[in-house]
> 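Sharing a structure with you now.
Order of listing sets the numbers, starting from 1, for every ligand and every atom in it.
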Amino acid sequence: MPGEELCKNGGAAIIGRKLLALSEVDSTNTYLKRIALNGAPEGTVVVAEQQTAGRGRLNRSFQSPKGKGLYLSALLKPTLPPERLLSLTPLAGVAACCAIERICGVRPGIKWPNDLILQDRKLAGILTELVQADDGSFCVVLGIGVNMSQTLQDFSPDVAEIATSLLLCLGREISREILVSTLLEELDHAYRALIRDDLRDYLDIYRRDCVNLGKRVQLMYADGAREAAEALGIDEEFGLVVRTDNDSLKTVREGEVSVRGLYGYLE
Ligand code: BTN
């Protein structure tokens with residue numbers, strides 16, 4: 001593919017063993033799914049300057065203008081029971097917060113399950129997808145998009161109401177290369193913790209960083225139903241524990257439900 005450059009990220013890391021840099025792609029997740037089916041090894045990472053069909057959770061699009069954001073996907077082949085894979089996305093959220101804090105000196109919060117929030121607006125999102133090969137084996141594509149250099153005019157009007165970028169928050173540009181390499185280190189660290197089943201520190205950090213806890217939320221179910229609740233805590237599998245307004249305690253999981261504030265994105 002034109003503009004493609006293959007290089008190696010040295011060291012013993014799993015994530016980022018192979019790094020593929022593209023100038024333009026439909027979606028780094030879609031691209032990685034395609035090459036996963038052709039045998040790309042675990043740890044392959046794709047970054048792109050621009051995505052023409054960037055995707056978010058719940059079939060939403062993810063605006064990915066040229067040179068304005070970090071658009072990255074990593075291929076994982078964990079030999080873990082499916083229930084342990086549920087932790088992957090929140091772990092990636094914590095990893096992204098750590099990377100941004102290391103580079104930018106500010107730590108985003110996390111809107112459950114996995115939007116990164118800075119100055120009460122969405123800075124980054126994570127999309128994790130399962131890919132099944134013909135032989136029944138499966139792998140995971142973990143995609144992260146961080147708004148880096150957008151001004152408000154770079155977002156569509158609906159997104160401009162809730163989104164922000166590192167430039168808007170910090171008033172200065174951040175190097176994408178440095179953010180990519182720091183993010184890969186943090187993702188690798190988190191992935192190793194998942195493999196070792198050693199998530200205690202990540203759970204503590206996630207609970208500390210989650211911006212919903214103690215607040216009123218609106219649960220939005222896949223079938224369109226909505227329910228008001230108070231967010232009480234995060235369980236051991238990163239599920240959100242809530243008390244609904246009809247006083248029942250329940251734990252909701254990524255995939256079943258998304259949350260909003262009662263009156264808007266956060267509040
Ligand atoms: C969300 O906000 O709902 C998730 C957004 C995930 C965006 C990233 S950008 C890199 C990767 N490729 C995609 O098409 N999506 C993810």
> Indicate the atoms forming the closest heavy-atom contact of Gln51 with Phe62, along with that distance.
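Closest heavy-atom pair between Gln51 and Phe62: NE2-CD2, 4.3 Å.
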> From the options Lys33, Arg34, Arg55, select the one residue that forms a salt bridge (charged side-chain N to carboxylate O under 4.0 Å, His left out) with Asp26.
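Between Asp26 and the candidates, salt bridge (charged side-chain N to carboxylate O under 4.0 Å, His left out) is satisfied uniquely by Arg34.
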> Identify the closest protein heavy atom to atom 3 (O) of ligand 1: which residue and atom is it, and at what distance?
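I find the closest protein heavy atom is Arg57 N, 2.7 Å.
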> Could you tell me, atom by atom, which parts of ligand 1 come under 4.0 Å of a heavy atom of Thr28?
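So the atoms of ligand 1 that pass are 10 (C), 11 (C), 12 (N).
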> Between Ser27 and Asn29, do the side chains contain a donor N or O and an acceptor N or O under 3.5 Å apart?
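Note: Asn29 and Ser27 side chains miss the donor-acceptor criterion.
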> Any heavy atom of Gln51 closer to ligand 1 than 4.0 angstrom?
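The answer is yes, since Gln51 has a heavy atom less than 4.0 Å from ligand 1.
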> Taking heavy atoms and a distance under 4.0 Å, where does Ile126 meet ligand 1: side chain, backbone, both or neither?
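For Ile126, the contact with ligand 1 is made by the backbone alone.
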> Please state whether the rings of Phe238 and Tyr206 are parallel, tilted or perpendicular, taking 30° and 60° as the class boundaries.
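Perpendicular: the ring planes of Phe238 and Tyr206 meet at over 60°.
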> Look at atom CG of Leu170 and say whether more than 12 heavy atoms of other residues, nucleotides or ligands are closer to it than 6.0 Å.
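Atom CG in Leu170 is packed in, count exceeds 12.
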> Should Asp204 and Arg208 count as an ion pair when the cut-off is N to O under 4.0 Å?
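A salt bridge is absent here (no side-chain N lies under 4.0 Å from a carboxylate O).
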> Only heavy atoms of Gly54, strictly under 4.0 Å: list the atoms of ligand 1 that pass.
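Atoms satisfying the 4.0 Å criterion: 14 (O).
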> Going by the order shown, which atoms of ligand 1 are within less than 4.0 Å of some heavy atom of Lys122?
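So the answer, numbered in order with elements, is 1 (C), 2 (O), 3 (O).
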> Tell me, do Arg57 and Pro113 make a side-chain contact under 4.5 Å, heavy atoms counted?
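Arg57 reaches Pro113 side chain to side chain.
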> Thinking salt bridges, do Glu236 and Arg207 make one under a 4.0 Å N-O criterion?
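Arg207 and Glu236: salt-bridged.
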> I'd like to check which ligand 1 atoms, numbered from 1 as shown, lie under 4.0 Å from a non-hydrogen atom of Gly56.
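Once the distances to Gly56 are compared, the set is 1 (C), 3 (O), 4 (C), 5 (C).
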> If you count the atoms of ligand 1 from 1 in the order shown, which ones are under 4.0 Å from a heavy atom of Gly145?
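Ligand 1 atoms under the 4.0 Å threshold to Gly145: 7 (C), 8 (C), 9 (S).
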> As an exercise, identify every atom of ligand 1 less than 4.0 angstrom from a heavy atom of Leu72.
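What qualifies from ligand 1 is 10 (C).
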> Quick one: nearest non-hydrogen protein atom to atom 5 (C) of ligand 1, plus distance?
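Sorting protein heavy atoms by distance from atom 5 (C) of ligand 1 puts Phe62 CD1, 3.5 Å first.
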> Is the closest N or O pair between Tyr71 and ligand 1 shorter than 3.5 Å?
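N/O-N/O distance below 3.5 Å does not exist for this pair.
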> Do Asp235 and Arg253 sit within salt-bridge range, that is, some charged N less than 4.0 Å from a carboxylate O?
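Result for this pair is yes, salt bridge flagged.
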> Which bit of Asn114 is near ligand 1, meaning a heavy atom under 4.0 Å away: side chain, backbone, both or neither?
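Neither part.
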> What is the closest protein heavy atom to atom 15 (N) of ligand 1, and at what distance does it sit?
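Going by distance alone, atom 15 (N) of ligand 1 is nearest to Arg55 O, 2.7 Å.
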